[in-house]
2 protein chains.
Amino acid sequence: MSIRHAILGFLSWKPFTGYELKKRFADSLSFHWSGNNAQIYGSLVKLHEEGLVTIEVRQQDKRPAQKIYTITEAGRRELKAWLLAEPELPELRNLFHIRLAWAELLGSRELELTVEAYGRLLEAQVLMCRETRRRGSEETPNRSPRESFIWKSVEDNRIEGFERELAWLRSLEEGLKNFPEARP
Amino acid sequence: MSIRHAILGFLSWKPFTGYELKKRFADSLSFHWSGNNAQIYGSLVKLHEEGLVTIEVRQQDKRPAQKIYTITEAGRRELKAWLLAEPELPELRNLFHIRLAWAELLGSRELELTVEAYGRLLEAQVLMCRETRRRGSEETPNRSPRESFIWKSVEDNRIEGFERELAWLRSLEEGLKNFPEARP
DNA sequence: CAAAGCATGTAAGCAGTTACATGATTGT
DNA sequence: ACAATCATGTAACTGCTTACATGCTTTG
């Protein structure tokens, strides 16, 4: 349970076309969904079948026709039920950590290199998140104070998470210096 | 790319049956795979077709026959290539954070309640991780010092991650007290 | 006597991805 | 001229999950 609710969430703000929703998903980092249209268009069809959204087709000249989706009362109920449902733990799968389980198969130098590569990735990610946060605060829409506070918290949390991972990696690097060469 | 490599990783230690692998996956928290046999048995069939493992059938009396899987040289090469491949960012999908995007649809009290529920989840998870770490250090197999150090680091990292999330949640709770009731 | 463990597997389905297909319009 | 944007959609695939099926043995 899944992207359907996030779509309903967006539609609770105002009606959107599939294309616009796709962009929303693609733009927002915290939303981890890649914004691929196959899934979004498919979900919209299902949401419509279930009566959670309505469709209005608008013809345009010089542009393809749009399908504008609007949330229904049943959709709002479904959305609210989701918001009140029992929270789930964050799912985190860190393939790098899993790979470390077999670090013994690597020489010290090889291990060092992958650790550094992971570090560079994390650094880039932290920079990107910071940039997104900076730009996001300029184009903030009309949000209530509470809403703004929450969004900022979540964004900060994301950055802190990556920063913490990076700090952890640095300490790992330091620690590894005490094991000069595992397989001589 | 995926559980196949983790299976090869386990097999690099020693031969295993599908059933034993299933238990390995189910036991280890950091491995996020649920240890469901459909996937493991299926992967083993494929790994065999690709020549990355060999199968030996051992008949037992009073027990079903076992299929013992052994990694091949090609399998070891594949495993090593994976270990040296470009690292990936951790995938984290936190549905609770996403839900917070629509917190405006909830009253202060409702929001408080879900935040508390998420906090209880996190607390339980931290306790469970600590317990796993404690018990794990007792039954540690014959690992090199470097390997032990790495495993401990990864486990600590996991716990710190949940603790950080919990600390963040507490600060969020504090902050929310400044917005007594968004929709009066 | 029931439940858990040993040991294999299959079937059905969900969530999500990549890549393809069409076709006009606008920007570099 | 080429690429990007607007706007819809389909097909094929991967990875993973739940649930089912079988059948014998050990433990509580």
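Just so we're clear, the structure is a prediction, and the values are computed from it rather than from any experiment. Each chain gets a letter, A, B and so on, in the order the sequences are listed, and its residues count up from 1.
- Considering only side-chain atoms of B:Arg93, the nucleotide from C:dG16, D:dT8, D:dA7 that sits closest is C:dG16.
- Of the candidates D:dT10, C:dT8, C:dT25, the closest approach to any side-chain atom of B:Lys22 belongs to C:dT8.
- Across its full length, the helix from C:dC1-D:dG28 to C:dT28-D:dA1 shows an angle of 40° between the axes of its 5 terminal pairs at either end, rounded to 10 degrees.
- In this structure, A:Lys23 reaches the sugar-phosphate backbone alone: every heavy-atom distance under 4.0 Å involves primed, P, OP1 or OP2 atoms, never a base.
- Residue-level contact check: A:Gly18 touches the backbone only, with heavy atoms under 4.0 Å from sugar-phosphate atoms and none from bases.
- Side-chain proximity of A:Arg63 to D:dC6, C:dT8, C:dA19: nearest is D:dC6.
- Checked against D:dT8, D:dT26, D:dC6, the side chain of A:Pro64 finds its nearest nucleotide in D:dC6.
- Phosphate contact (OP1/OP2 of C:dC6, side-chain N/O of B:Tyr19, threshold under 4.0 Å): present.
- When distances are taken from the side chain of B:Gln60 to each of C:dT8, C:dT25, C:dA7, the shortest belongs to C:dA7.
- In this structure, A:Phe16 has its ring center no closer than 6.0 Å to that of A:Tyr69.
- Atom pair A:Leu95:CG and D:dG15:P shows a separation of 12 Å (rounding to whole Å applied).
- One atom, CD of B:Gln39, and another, C1' of D:dT14, lie 10 Å apart when rounded to the nearest Å.
- In this structure, the CD1 atom of B:Ile68 is 14 Å from the C1' atom of C:dC6, given to the nearest Å.
- Listed nucleotides: C:dG9, C:dA19, C:dA7. Nearest to the side chain of B:Tyr69: C:dG9.
- Between B:Ser34 and the phosphate of D:dT17, there is a side-chain N or O to OP1/OP2 separation shorter than 4.0 Å.
- Base engagement by A:Ala38 is indicated by at least one non-hydrogen atom pair under 4.0 Å involving a base atom.
- For the pair A:Asn36 CG and D:dT10 P, the computed distance is 14 Å after rounding to whole Å.
- The phosphate of D:dG9 (OP1 or OP2) has a side-chain N or O of A:Lys67 nearer than 4.0 angstrom.
- Atoms OG and CG, on A:Ser43 and A:Asn37 in that order, are 11.0 Å from each other to the nearest 0.5 Å.
- The side chain of A:Ile3 lies closest to C:dG16, out of C:dG16, C:dT26, D:dA7.
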